[in-house]
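Residue numbers start at 1 and run along the sequence shown.
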Amino acid sequence: MVEIFPSGWRLLTTHRTLVLVLWIVGLALVFGWQTSSVDGLAFFRWGTVARPSPRLRAALYNLTDFGGVGDGKTLNTEAFERAVEAISKLGARGGGQLNVPSGLWLTAPFNLTSHMTLFLAEGAVILGIEDESYWPLMPPLPSYGYGREHRGPRYGSLIHGENLKDIVITGHNGTINGQGQAWWTKYKKKVLNYTRGPLVQLMWSKDIVISNITLRDSPFWTLHPYDCKNVTISNVTILAPVSGAPNTDGIDPDSCEDVLIENSYICVGDDAVAIKSGWDQYGIAYGRPSTNITLRNLTVRSVVSAGISIGSEMSGGVSNIIVEDLIVWESRRGIRIKTAAGRGGYVRDIFYHNVTLDNVRVGIVIKTDYNEHPDNGFDPKAVPIIENITFSGIHGQGVRVPVRIHGSEEIFIKGVSFKDMSVGLSHKKKHVFQCSFVEGRVIGSIFPAPCENLDLYNEQGKLVKRSMSQNVTDIDYNI
């Protein structure tokens, strides 16, 4: 009998088959790993499968365990409150986790508790009820004296907490939606009697982590940590319309210490980030600075305001701030410090590094006449101190005015430093590096040419030319 396929060919065929099988298995393993949950590998998971929520606490609950209904119509306030009450009893065991499944979960404002994780699954949306009668009234912030828009009390936040520790708000990029359109319309029609409330506000709390979620359409400021310590905000997306959404700041660390904000995208109707510490005489009396704050790897947009601001409410002081690896695009201003006589306090030891400005009207702003006051009780002689502000690695394109530093005789700006700056201009005009009542230095060559108020140093740090014109004013708001 003639052997059609010799033994060597059969061996080769078997080898090829084995390789093919191993290749298919390997591909399946890779695909399974890519589609697996954070709990581990899930082999041979084809198609879109809902990711289970990881267990981050000793006890885990679902909102549906407490009667929650995610149809976008049922009010779930009591379900959230019952869940928080159950978790509040677990502090000795390390607390509990509340999972919010995929769905639309309408609710009025509710409070968190210590040692709690609020976990929003993929597709989960917490919706704030639009009827303001469901929103509780709270006393004014002690460092502000009044509600920011009206005297007297203010509306609370949709998600709130006071005097807490060990708080986590995270998820698989679920969303907290304040449904702010109704609030913005009422504000513009002047039919609200109290200051609008933030979307998320944590007060007098510590050890806070907020990550991997989307916050959108807040009635007022979006995320407001107030007098908090050890706060990490990472991998968040914050959204609001770029116009017609008044005061929808993205993140406002206010009298906070040891804060990290990183790896996030913010596009809102006011400042993307605004570091604050109280308003005029009330902030001075409260006396809690914002200090040791790092912002890094952020992409931000603010058509009507600024990408990153300090102030204008900074009466308790702001110091030791690092802003690095920042992109500001299509914004009115890039980075801004704003204050006024009456604020008191200080802004010092601020470092900006590796900033990209893309189509920004004014790149760097220091403004000392931002004259908004809570009442007539402020002391006009309480002038803020602004000193030791460093800018390095500032680049970009399409910028109309790269620098506008507007000091005054009463608020003289000291210790401003520029190094490694090259910003492409959108308009070929003179006097686009504008200064007034400022002392500082330029290290090496920068573009555009600096104002005459600043000393010039070479790349080795050796003085080349001492300025004799620190009080010269070259500010033009018409550009």
Side-chain angles (χ1 to χ4, degrees), residues 37-39 47-90 95-137 155-161 164 167-183 186 196-202 210-219 222-223 236-240:
S37 74
V38 297
D39 293 316
T48 301
V49 179
R51 293 179 292 177
S53 302
R55 181 183 293 271
L56 304 177
R57 302 281 185 179
L60 185 149
Y61 301 105
N62 288 314
L63 188 60
T64 52
D65 298 338
F66 301 90
V69 179
D71 60 4
K73 299 177 181 179
T74 303
L75 193 61
N76 291 284
T77 315
E78 292 185 0
F80 277 109
E81 290 174 342
R82 287 193 290 266
V84 172
E85 175 65 21
I87 292 172
S88 70
K89 301 175 182 178
L90 302 174
Q97 175 176 324
L98 175 60
N99 291 337
V100 181
S102 178
L104 302 176
W105 307 90
L106 183 67
T107 183
F110 63 92
N111 294 319
L112 303 180
T113 188
S114 292
H115 309 296
M116 176 178 178
T117 296
L118 178 64
F119 191 97
L120 282 72
E122 184 177 6
V125 181
I126 297 176
L127 290 171
I129 192 167
E130 296 176 305
D131 185 349
E132 70 270 17
S133 67
Y134 284 86
W135 291 60
L137 294 177
Y155 288 108
S157 58
L158 179 64
I159 297 178
H160 191 80
L164 305 181
I167 300 297
V168 177
I169 303 175
T170 189
H172 287 143
N173 201 32
T175 299
I176 302 173
N177 187 334
Q179 301 201 101
Q181 292 87 349
W183 291 89
K186 292 173 184 176
R196 292 165 288 154
L199 186 64
V200 178
Q201 183 176 62
L202 299 173
I210 300 174
S211 66
N212 301 311
I213 60 171
T214 294
L215 305 173
R216 68 177 307 141
D217 295 343
S218 174
T222 303
L223 177 52
V236 300
T237 300
I238 301 179
L239 303 172

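A124 and P101 make their closest contact through CB-O, 3.1 Å (heavy atoms, listed as atom of the first residue, atom of the second, distance). Between I213 and G171, the shortest heavy-atom contact is CG2-N, 4.0 Å. Between D71 and T74, the closest heavy-atom pair is OD1-N, 2.8 Å. Nearest heavy-atom pair, R57 versus G95, reported as atom, atom and distance to 0.1 Å: CB-O, 3.8 Å. Here the shortest heavy-atom pairing between H115 and I87 reads O-CG2, 4.0 Å. Shown here for K186 and E132, the closest heavy-atom pair between the two residues is NZ-OE1, 2.5 Å.
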I would like to know whether M116 and L164 meet side chain to side chain contact (heavy atoms under 4.5 Å, CB included); could you show each step before the answer? CA-CA 10 Å; M116 176 178 178; L164 305 181; over 6 Å; no
Test side chain to side chain contact (heavy atoms under 4.5 Å, CB included) applied to Q181 and D217, step by step: CA-CA 7 Å; Q181 292 87 349; D217 295 343; 3.3 Å; yes
Step by step, would you call W135 with I129 a side chain to side chain contact (heavy atoms under 4.5 Å, CB included)? CA-CA 8 Å; W135 291 60; I129 192 167; 3.7 Å; yes
As a quick check of understanding, evaluate side chain to side chain contact (heavy atoms under 4.5 Å, CB included) for I167 and L118, giving each step before the final call. CA-CA 8 Å; I167 300 297; L118 178 64; over 6 Å; no
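Checking T175, I126, N76, V125 one by one against L104, the side chain to side chain contact (heavy atoms under 4.5 Å, CB included) holds for a single residue, V125.
A donor-acceptor pair under 3.5 Å is absent between the side-chain atoms of S218 and the main chain of P198, judged by distance alone. Between the side chain of R196 and the main chain of P219, a donor-acceptor pair closer than 3.5 Å is present.
Applying the ring-ring contact (aromatic ring centres under 6.0 Å, His included) rule to W105 yields no partners; only residues at least two apart in sequence or on another chain are considered. The ring-ring contact (aromatic ring centres under 6.0 Å, His included) search around F80 returns F110, not counting sequence neighbours. Considering only residues two or more places apart in sequence or on other chains, Q179 meets the side-chain hydrogen bond (donor to acceptor under 3.5 Å, both in side chains) condition with none of them. Residues satisfying the side-chain hydrogen bond (donor to acceptor under 3.5 Å, both in side chains) test with H160, not counting sequence neighbours, are S157, E162. Qualifying side chain to side chain contact (heavy atoms under 4.5 Å, CB included) partners for L137, counting only residues two or more places apart in sequence or in other chains: P153, Y155, Y194. In terms of the side chain to side chain contact (heavy atoms under 4.5 Å, CB included) criterion, residue partners of S88 (sequence neighbours excluded) are, by chain and number, E85, T113.
Atom CG of L75 sits about 6.0 Å away from atom OH of Y134, to the nearest 0.5 Å.
A 4.5 Å side-chain heavy-atom check between L215 and V236 finds every atom pair outside the cut-off. Taking the side chain as every heavy atom from C-beta outward, F119 and H172 approach each other to under 4.5 Å. Within the 4.5 Å cutoff, no side-chain heavy atoms of L199 are placed close to those of I159.
Side-chain atoms of D131 and S133 form a donor-acceptor pair, as typed in the model, at a separation below 3.5 Å.
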